[in-house]
S.K.: 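Right, I'll just put the structure down here and ask away after.
Indexing begins at 1, ligand by ligand and atom by atom, following the structure's order.
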Amino acid sequence: MWKRSVCTKDCPDTCGLLVKVEAGRITAVKGDPDHPVTQGFICRKAGYFPEHVHTAERILAPLKRTGPKGSGTFVTVTWDEALGEIAGRMAAVAAEHGPEAILPYFYAGHMGLVHRHVGHAFFHRLGASRLIPTICGPAAGAGFEASLGSGPSTAISAAAASDFIIIWGSNTLTTNLHAWPFFQKARKNGARLTVIDPYRTETARRADTHLMLRPGTDAALALGMMNVLITDDLLDHAFIKNRTVGFDALKARAAMYPAEKAAAICGISAGAVRELARAYGRAGAPYIRTGWGPSRQLGGAMAMRTIALLPGLVGAFKQPGAGITRSLGGAPSDLSFLTRPDLCPPGTRKVNMVHLGHALTELEGPPIKYLHVYLSNPAAVAPQSRPVMAGLAREDLFVSVQEMFMTDTARMADIILPGASFLEVKDLYRAYGHNCIQLAEPVIPPVGLSRSTLAIFQDLAARMGFAEEVFSLTEDQCVDRLLKEPSPYMVDVDADRVRSGRAVPLNIPDNPYAQSFNTPSGKVEFYSRDWEAKGLDPLPDGRPVRDPEGGERFPLEFITPPHRLFLNSAFNEIAALREEAGPPVVLIHPGTAAARRIASGDLVRVHNDRGECCLTARVTEDTRPGLLVAEGLRWPGLHRGGRGANQLTSQRLTDAGDTCAFHCNRVEVEPASSVKD
Ligand SMILES: Nc1nc2c(c(=O)[nH]1)N[C@H]1C(S)=C(S)[C@@H](COP(=O)(O)OP(=O)(O)OC[C@H]3O[C@@H](n4cnc5c(=O)[nH]c(N)nc54)[C@H](O)[C@@H]3O)O[C@H]1N2
Ligand SMILES: Nc1nc2c(c(=O)[nH]1)N[C@H]1C(S)=C(S)[C@@H](COP(=O)(O)OP(=O)(O)OC[C@H]3O[C@@H](n4cnc5c(=O)[nH]c(N)nc54)[C@H](O)[C@@H]3O)O[C@H]1N2
Ligand SMILES: [Mo]
């Protein structure tokens, strides 16, 4: 029997799935042809959901550590024993050190609105330190919103009518596959496609033009383009007059970035800057798809802000097919009935999740004594792994982890709770790559003794004596509440159709910029008073910001963009995908490799003062001289030496949005003759 479901992985596409169930087991997964955006095809990873759910490596019962921390020796215990110990330990830590000595760590292992957020009320009520979940998108959001305002951006499907497309820092064929058919449709009608990315991704390979700029130089490139647009008068003067603020100030700033100067900063030719600007300025319906790549830099918010100003110069919000896309799906749902921020004692300490390493090794007043991890794998995904791992190894830190697999994080736990997979729970899904909402019923019951995130937190709440209504809401009640949400996006959304499991478009226009912008002025803000008030540059700033640590001892740059066969650290549990991907690889330019006597296939040690990681060299012109690229994330334990790419990244925060600058690292590389397993 085929049942309808939704892919809940942290990917913009949130695909419609059809899942085959035979004798209580999932035996096949394919795309749902009725989904209006994802239209019946799925990525290679999703085809492995039967293995993801039923692999012998899945954790099926609660486990308690018996050997030393990290040794991987556990015994099976009952739920009662596991949750009893967790509740007892939390209570003891709260009594001795105060509840702020407890830290939750969560992210996006499951993207459903209910189960993803259901733990918050528990930790608020407990008075635990409050995790600020800014590891991924807020820098991009902050930059983009300063220019164009919050809310949905141009629908990707609308780009099918564009005649000039820029994919700016997104590896679309890897991370947003279902956007590609819309771009291809435009190309069939004559549109040109330019990709702006520091290395030759699969997406870049298939573009008409690829600008291989240095990481962290996007604002300079966008300013260089502005300079050309202004000099050549490729401007929409009426739009600038009526719908933007601060043009004269912008003009003065852009004058500081002639194409030659911008090109020198970006490490590309001045001709390429001019050509791109002219093609963009002359296009009838120019469209930009921004990824998150430009924002994972210390100046990442400024980069996104600057890119987002380009359409305002050429009036690209008027024609069908023109516009710019960052994130879709509208403003977040109002989840406060579920997350209950009101239960959080005023003034409770906040801990940015990017700073986990610091929090576990240096934070005082009180120190963290209890860590509960769910829907995340910080040993693999959090920056600067050395302090993260040193923290997880602390004998005086109690760690409980909800997981499906023995990840590097779970291995460090005192207690592991088996989590139910997304195919075993009911939840409601919104996407960030399209504007649909979709409900999924459980396809099978939880496998083994695994439990849903909601079930686990409700049991814990009962043990802690928490009596508020939220701690007894069922999945059905939560979903019903969300479907009745008085949001403008839900107007005209047929709740019964959603209940039937179909993907239903929210009430969001393809071009949300037709009338106004959600900025303080209601216009495109070339000059941002809001940023000025925050002490930021109110105008675009094209100066590159490099990793300030290590100086010239680490002359190379290092980025860690997504891998086609993994999703962040998820899917490493699938043996066939691990095999298909081969060993973890680093791309090195031939000149950079030759100077270090490195050949393709060599095991190399990439290092900086923060840590080191062993990878297999692939010498290739697919990357720039001086730029190392390690597509990720692989489980650290699968690397020679047991250390992953996040050994090399830093806990420094972006200029706005307090996000991790995952692609802003200085390193050196050498042959790894002496690395021990
Ligand atoms: N297969 C797969 N799909 C995924 C994921 C995955 O891990 N694997 N992750 C999911 C998640 S959580 C997210 S947030 C999205 C992210 O999706 P993307 O936005 O596509 O991913 P990013 O890591 O932000 O990197 C995008 C591209 O930016 C490039 N880049 C790096 N630095 C710079 C720079 O300074 N400037 C420019 N112009 N480009 C730069 C990288 O080389 C990369 O090709 O993808 C989601 N989808
Ligand atoms: N170096 C580097 N680091 C990065 C990035 C990068 O580009 N480079 N990208 C960053 C980004 S964009 C993000 S969003 C974060 C992502 O950070 P996370 O959200 O922590 O990413 P995942 O690796 O997907 O970890 C989720 C964990 O949840 C578990 N899980 C998955 N599905 C389910 C489920 O249905 N139920 C339960 N109970 N558990 C489940 C998985 O087994 C997995 O171990 O990583 C960041 N880290
Ligand atoms: Mo992300």
S.K.: Flag the pair R4 and E441 as a salt bridge only when some basic side-chain nitrogen lies within less than 4.0 angstrom of an acidic carboxylate oxygen.
M.R.: no
S.K.: Would one find an N or O of I135, backbone or side chain, under 3.5 Å from an N or O of ligand 2?
M.R.: no
S.K.: Return a yes/no value for S569: is any of its N or O atoms, backbone included, closer than 3.5 angstrom to an N or O of ligand 2?
M.R.: yes
S.K.: Give the residue, atom name and distance (to 0.1 Å) of the protein heavy atom nearest atom 28 (O) of ligand 2.
M.R.: G109 CA, 3.5 Å
S.K.: Would you mind running through ligand 1 and noting each atom that sits below 4.0 Å from a heavy atom of N568?
M.R.: 6 (C), 7 (O), 9 (N), 12 (S)
S.K.: May I ask you to decide whether D547 forms a salt bridge with R610, counting only side-chain N to carboxylate O separations under 4.0 Å?
M.R.: yes
S.K.: For ligand 2, which atoms, with element, lie under 4.0 Å from some heavy atom of K9?
M.R.: 31 (C), 32 (N), 33 (C)
S.K.: Run down the list L375, T649, L423 and name the one with the heavy atom closest to atom 39 (N) of ligand 2.
M.R.: L375
S.K.: Check each heavy atom of W292 against ligand 2 and say whether those closer than 4.0 Å belong to the side chain, the backbone, both or neither.
M.R.: neither
S.K.: Taking non-hydrogen atoms only, is F662 closer than 4.0 angstrom to ligand 1 via side chain, backbone, both or neither?
M.R.: neither
S.K.: Is the positively charged end of R578 above the ring of F571, judged by distance under 6.0 angstrom from the centroid and angle within 45° of the axis?
M.R.: no
S.K.: By number and element, which atoms of ligand 2 are closer than 4.0 Å to a non-hydrogen atom of T407?
M.R.: 44 (O)
S.K.: Using a 3.5 Å cut-off on N or O atoms only, is T217 in polar contact with ligand 1?
M.R.: no
S.K.: From atom 1 (N) of ligand 2, work out which of N646, N665, I59 has a heavy atom at the shortest distance.
M.R.: N646
S.K.: Quick check on contacts: which atoms of ligand 2 are under 4.0 angstrom from a heavy atom of A570?
M.R.: 23 (O), 24 (O)
S.K.: Are any of the side-chain nitrogens in E557 or R666 under 4.0 Å away from the carboxylate oxygens of its partner?
M.R.: no
S.K.: Could you tell me which atoms of ligand 1, counted from 1 in the order shown, lie closer than 4.0 angstrom to a heavy atom of D218?
M.R.: 34 (C), 35 (O), 36 (N), 37 (C), 38 (N)
S.K.: What atoms of ligand 2 come closer than 4.0 angstrom to any heavy atom of Q402?
M.R.: 38 (N)
S.K.: Can you check which of M404, H115, Q647, E403 brings a heavy atom nearest to atom 42 (O) of ligand 2?
M.R.: E403
S.K.: Run the numbers for me: atoms of ligand 1, each under 4.0 Å from some heavy atom of W168, listed by number.
M.R.: 38 (N)
S.K.: Is a donor on one side and an acceptor on the other found under 3.5 Å between the side chain of S153 and the backbone of S327?
M.R.: yes
S.K.: Record the part of S376 in heavy-atom contact with ligand 2 below 4.0 Å; permitted values are side chain, backbone, both and neither.
M.R.: both
S.K.: Has R289 got its NZ or CZ under 6.0 Å from the middle of the six-membered ring of W168, at an angle within 45 degrees of the ring axis?
M.R.: no
S.K.: Give the atom numbers and elements of ligand 2 that come within less than 4.0 Å of a heavy atom of A108.
M.R.: 19 (O)
S.K.: For F422, is at least one N or O under 3.5 Å away from an N or O on ligand 2?
M.R.: yes
S.K.: Near S421, which atoms of ligand 2 are under 4.0 Å from a heavy atom of that residue?
M.R.: 35 (O)
S.K.: Return a yes/no value for T453: is any of its N or O atoms, backbone included, closer than 3.5 angstrom to an N or O of ligand 2?
M.R.: no
S.K.: Is it the side chain, the backbone, both or neither of A420 that has a heavy atom closer than 4.0 Å to ligand 2?
M.R.: backbone
S.K.: For L587 and Y199, work out which heavy atoms get closest and say how close.
M.R.: CD1-CD1, 3.8 Å
S.K.: Using a 4.0 Å heavy-atom cut-off, say whether T409 meets ligand 2 through its side chain, its backbone, both or neither.
M.R.: neither
S.K.: Which of the numbered atoms in ligand 1 are below 4.0 angstrom from a heavy atom of G293?
M.R.: 19 (O), 22 (P), 24 (O), 25 (O), 26 (C), 28 (O), 30 (N), 32 (N), 33 (C), 34 (C), 40 (C)
S.K.: If you count the atoms of ligand 1 from 1 in the order shown, which ones are under 4.0 Å from a heavy atom of Y432?
M.R.: 11 (C), 13 (C)
S.K.: Between P198, A303, G169, P215, flag the one that comes closest to atom 40 (C) of ligand 1 by a heavy atom.
M.R.: P198
S.K.: Hey, does Q297 come in under 3.5 Å of ligand 1, counting only N/O atoms on both sides?
M.R.: yes
S.K.: Would you mind listing which atoms of ligand 1 come within a distance below 4.0 Å of any non-hydrogen atom of I559?
M.R.: 42 (O)
S.K.: Hey, does N171 come in under 3.5 Å of ligand 1, counting only N/O atoms on both sides?
M.R.: yes
S.K.: What's the shortest distance from atom 25 (O) of ligand 2 to any protein heavy atom, and which residue and atom give it?
M.R.: N377 N, 3.7 Å
S.K.: Where does T174 meet ligand 1, judged by heavy-atom distances below 4.0 Å: at the side chain, the backbone, both, or neither?
M.R.: both
S.K.: Got the closest protein heavy atom to atom 7 (O) of ligand 2, with its distance?
M.R.: T560 O, 3.2 Å
S.K.: So, does R214 sit close enough to ligand 1 that a heavy atom of it is under 4.0 Å from the ligand?
M.R.: no
S.K.: Would you mind listing which atoms of ligand 1 come within a distance below 4.0 Å of any non-hydrogen atom of H563?
M.R.: 1 (N), 2 (C), 8 (N)
S.K.: Quick one, S170 and T175 - any side-chain contact, counting heavy atoms below 4.5 Å?
M.R.: yes
S.K.: Closer than 4.0 Å to some heavy atom of C136 - which atoms of ligand 2 meet that?
M.R.: 12 (S), 14 (S)
S.K.: Just which atoms of ligand 1 are under 4.0 Å from any heavy atom in G216?
M.R.: 34 (C), 35 (O)
S.K.: D10 heavy atoms, cut-off 4.0 Å: which ligand 2 atoms fall inside?
M.R.: 14 (S)
S.K.: Which option wins on minimum heavy-atom distance to atom 23 (O) of ligand 1: C664, G299, P562?
M.R.: P562
S.K.: Which is closest to atom 29 (C) of ligand 1 in terms of heavy atoms, D197, I167, V629?
M.R.: D197
S.K.: Any nitrogen or oxygen of F405 lying under 3.5 Å from a nitrogen or oxygen in ligand 2? Just yes or no.
M.R.: no
S.K.: Is R296 in contact with ligand 2, taking contact as a heavy-atom separation below 4.0 Å?
M.R.: yes
S.K.: Establish, yes or no, whether the cationic atom of R326 lies under 6.0 Å from the six-membered ring centre of F144 and within 45° of the ring axis.
M.R.: yes
